[in-house]
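Sequence lines set the chain letters: A, B, ... in the order given, protein chains first and strands last, and positions in each chain run from 1.
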Amino acid sequence: MKKDNLERKDEYIWEIPKEYKGCMSVPGRLYLSEKLVDVVEEDTYEQIANVACLPGIKNYSLAMPEAHLGYGFPIGGVAALDRDEGVISPGGVGFDINCGVRLLKTNLKKEDVKGKEKELIENLFNKVPSGVGSESKLNLSNSELDILVENGAQWAVENGYGKESDIKFCEENGKMQQADSSLISKKAKGRGKSQVGTLGSGNHFLEVQYIDEIFDEEAAKTFGLNEDYVTVMIHTGSRGFGHQVCTEHVNEMEKAAKKYGIDLPDKQLACAPSGTKEAEDYFKAMCCAANYAWANRQVITSWTREAFHDFFDSEIKLDLVYDVAHNVAKEETHKINKKESKKDYFVHRKGATRAFGPGHSSIPKKYQKTGQPALIPGNMGDSSFIVKGTEYAMENTFGSTCHGAGRKMSRKKAKGKYWGGTVQKELSEKGIYVKATHGSVIAEEAPGAYKNPTEVVDVAHNAGISEKVGRLQPMAVAKG
DNA sequence: ATGTCC
């Protein structure tokens with residue numbers, strides 16, 4: 001789709017009219033600045049239009065400011081599909097089910113870490129296995145894994161990885177209730193057993209940061225954030241387990257779409273009507289993978305604490321601020337405008353973060369008045385952000401904002417353009433120590449391969465779908 | 001994202 005097909009509705013709102021494609025039942029709607037409109041590829045606009053063709057889609061096929069090309073659905077895409085008349089689609093969640101981010105705040109100051117970045121990250125790197133196919137010191141039996149995928153972060157805490165209070169600062173309390181381990185294949189279990197507590201590869205990371213700016217004093221106080229204090233950000237998902245679950249169900253959904261006579265503009269939007277066995281089975285298996293990811297981030301948190309305690313002092317505190325999922329489908333109730341009554345939807349967020357506004361019952365008590373914290377990582381050489389959810393987002397984006405800066409270059413292109421060693425050296429000159437399993441990962445993840453995180457987060461802020469609370473600067477990064 | 005092609 002050409003940029004000329006876009007209609008500008010507001011400073012930060014652009015629409016793809018539903019007349020653009022015969023199958024669209026709602027318009028596409030993007031939150032972008034004038035500059036970002038040119039950065040989004042034509043194929044991404046096409047994907048947003050395609051999603052608007054799914055049965056039961058409500059209001060708009062939405063795209064967050066970072067929108068870029070994904071499998072079927074765009075990354076940065078949000079679609080709410082009617083609980084009774086809509087569909088569920090694995091492509092709207094993504095391969096890395098419950099890829100997400102958590103933020104730990106510490107009582108260390110920037111100066112306490114300065115000069116020790118290299119040694120500290122070596123310690124973290126040794127504690128937390130990373131890289132493609134990395135294996136954990138945990139190797140669970142089938143029955144242990146069944147319990148884990150039905151209980152998520154709660155499994156981890158019950159088994160000694162973390163503290164009870166961690167649970168309440170996870171989205172969904174780190175556990176999606178509908179998980180049913182009887183729907184998990186032997187193959188998925190086989191891949192999952194040895195990867196609990198591993199980081200993975202690609203854009204996944206463990207980063208030591210410091211807070212360099214507070215934008216909203218009151219919200220920062222509620223979240224417990226102060227300038228110059230050190231934070232740890234963990235970004236990872238459900239590893240080979242979630243990937244296997246997604247692969248298996250994409251195959252089933254392709255058959256299901258045909259069986260139920262759903263006409264799709266793109267095979268990658270394979271889906272099944274909610275309420276059918278195919279849709280239910282996927283959703284329950286997806287919940288298992290989501291729980292796997294929460295257990296994974298929880299175990300990594302525990303090992304991160306151990307590394308800090310060994311390296312500094314056993315008195316160092318690392319408290320969980322919040323843990324968000326940015327690749328998941330959730331059954332949620334929304335009231336879109338005053339005229340309509342509350343209704344249930346399967347909200348698909350793929351590379352988009354839930355950012356519920358103040359007063360929502362799903363937000364931890366401590367954050368009720370402020371709104372939900374959402375975490376938006378940038379890239380290993382640039383700022384990450386903590387933002388808060390808004391009432392505006394509740395009414396316009398089903399309570400969602402962006403999940404990162406978004407790539408502007410494919411992995412392949414980035415590998416051709418950058419060399420890992422050079423990128424690493426440039427970052428170290430900026431005072432950022434990066435350690436990875438392979439130089440190629442550093443090349444793929446070079447800061448230049450990403451959009452400017454400040455630009456993307458500012459669009460979300462100015463459009464009103466989330467509000468900036470604090471900015472985080474990288475000091476030391478462990479990558480896959 | 002991913003035992004980067006069963």
Side-chain angles (χ1 to χ4, degrees), chain A residues 44 47 66-77 89-101 129-136 138-140 145 184-206 234-252 254 268 285-286 288-290 292-294 296-297 300 324-329 348-353 377 379-380 402-407 409-416 420 436-446 449-450 478-480:
Chain A
T44 304
Q47 290 192 326
E66 55 176 325
H68 59 285
L69 208 62
Y71 177 88
F73 288 61
I75 293 159
S89 174
V93 171
F95 276 82
D96 190 5
I97 296 165
N98 190 5
C99 184
V101 190
S130 64
V132 180
S134 50
E135 294 198 337
S136 167
L138 283 174
N139 196 356
L140 306 174
L145 191 68
I184 301 301
S185 69
K186 267 190 183 163
K187 202 170 177 181
K189 285 182 190 177
R191 290 181 73 172
K193 283 198 270 206
S194 59
Q195 292 193 319
V196 179
T198 65
L199 207 50
S201 182
N203 67 356
H204 290 165
F205 63 77
L206 195 160
I234 297 164
H235 179 200
T236 184
S238 51
R239 310 284 290 106
F241 182 84
H243 192 274
Q244 187 62 35
V245 167
C246 181
T247 303
E248 289 166 10
H249 287 271
V250 161
N251 295 336
E252 287 306 309
E254 282 174 13
Q268 295 185 351
M286 184 214 74
C288 291
Y292 186 98
W294 272 309
N296 187 27
R297 291 195 287 273
I300 292 173
V324 295
H326 56 221
N327 271 11
V328 82
H348 294 60
R349 295 189 185 88
K350 180 193 196 173
T353 313
N379 64 65
M380 59 190 174
C402 55
H403 94 300
R407 297 193 77 89
M409 212 180 276
S410 67
R411 294 184 183 284
K412 200 178 165 187
K413 200 176 160 195
K415 259 200 265 195
T437 46
H438 297 288
S440 63
V441 175
I442 299 180
E444 279 181 8
E445 293 296 313
Y450 282 86
K479 295 286 281 184

Problem set entry | First of Lys415(A) and Glu445(A) reached from the 5' end of DNA chain B, by closest nucleotide | Glu445(A)
Exercise. Starting at the 5' end of DNA chain B and moving along, which residue's nearest nucleotide shows up first, Glu444(A) or Phe95(A)?
Worked result: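 It is Phe95(A) whose nearest nucleotide is closer to the 5' end.
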Rounded to whole Å, how long is the line connecting atom [atom1] of [X] with atom [atom2] of [N]?
| X | N | atom1 | atom2 | answer |
| --- | --- | --- | --- | --- |
| His204(A) | dT4(B) | NE2 | C1' | 14 Å |
| Ile75(A) | dT2(B) | CD1 | C1' | 14 Å |
| Asn251(A) | dT2(B) | CG | P | 19 Å |
| Phe241(A) | dT2(B) | CZ | P | 14 Å |
| Lys187(A) | dT2(B) | NZ | P | 16 Å |
| Leu199(A) | dT2(B) | CG | C1' | 14 Å |
| Arg411(A) | dT2(B) | CZ | C1' | 10 Å |
| His243(A) | dC5(B) | NE2 | C1' | 12 Å |

Exercise. For dT2(B), does either OP1 or OP2 sit under 4.0 Å from a side-chain N or O belonging to Arg239(A)?
Worked result: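 Checking Arg239(A) against dT2(B): at least one side-chain N or O falls below 4.0 Å of OP1 or OP2.
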Problem set entry | Lys412(A) with Glu444(A): basic N within carboxylate O range, under 4.0 Å |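 Salt bridge flag = no for Glu444(A) with Lys412(A).
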Exercise. Is the closest basic N to carboxylate O distance between Glu445(A) and Arg407(A) below 4.0 Å?
Worked result: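 Salt bridge flag = yes for Arg407(A) with Glu445(A).
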Under 4.0 Å between any heavy atoms, over every strand shown, what does [X] touch: base, sugar-phosphate, or nothing? Just pick one.
| X | value |
| --- | --- |
| Ser238(A) | nothing |
| Glu135(A) | nothing |
| Gly202(A) | sugar-phosphate |
| Gly240(A) | sugar-phosphate |

For this session: Please answer whether the main-chain N or O of Gly192(A) pairs with a side-chain N or O of Tyr292(A) as donor and acceptor at a distance below 3.5 Å.
Result: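 Yes, because the side chain of Tyr292(A) sits within donor-acceptor range (under 3.5 Å) of the backbone of Gly192(A).
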Exercise. Would you say the side-chain atoms of Thr236(A) pair up with the backbone N or O of Leu199(A), donor to acceptor, closer than 3.5 Å?
Worked result: yes
For this session: Quick one: list whatever passes side chain to side chain donor-acceptor pair (under 3.5 Å) with Gln47(A), sequence neighbours left out.
Result: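 With neighbours one apart ignored, the set is empty.
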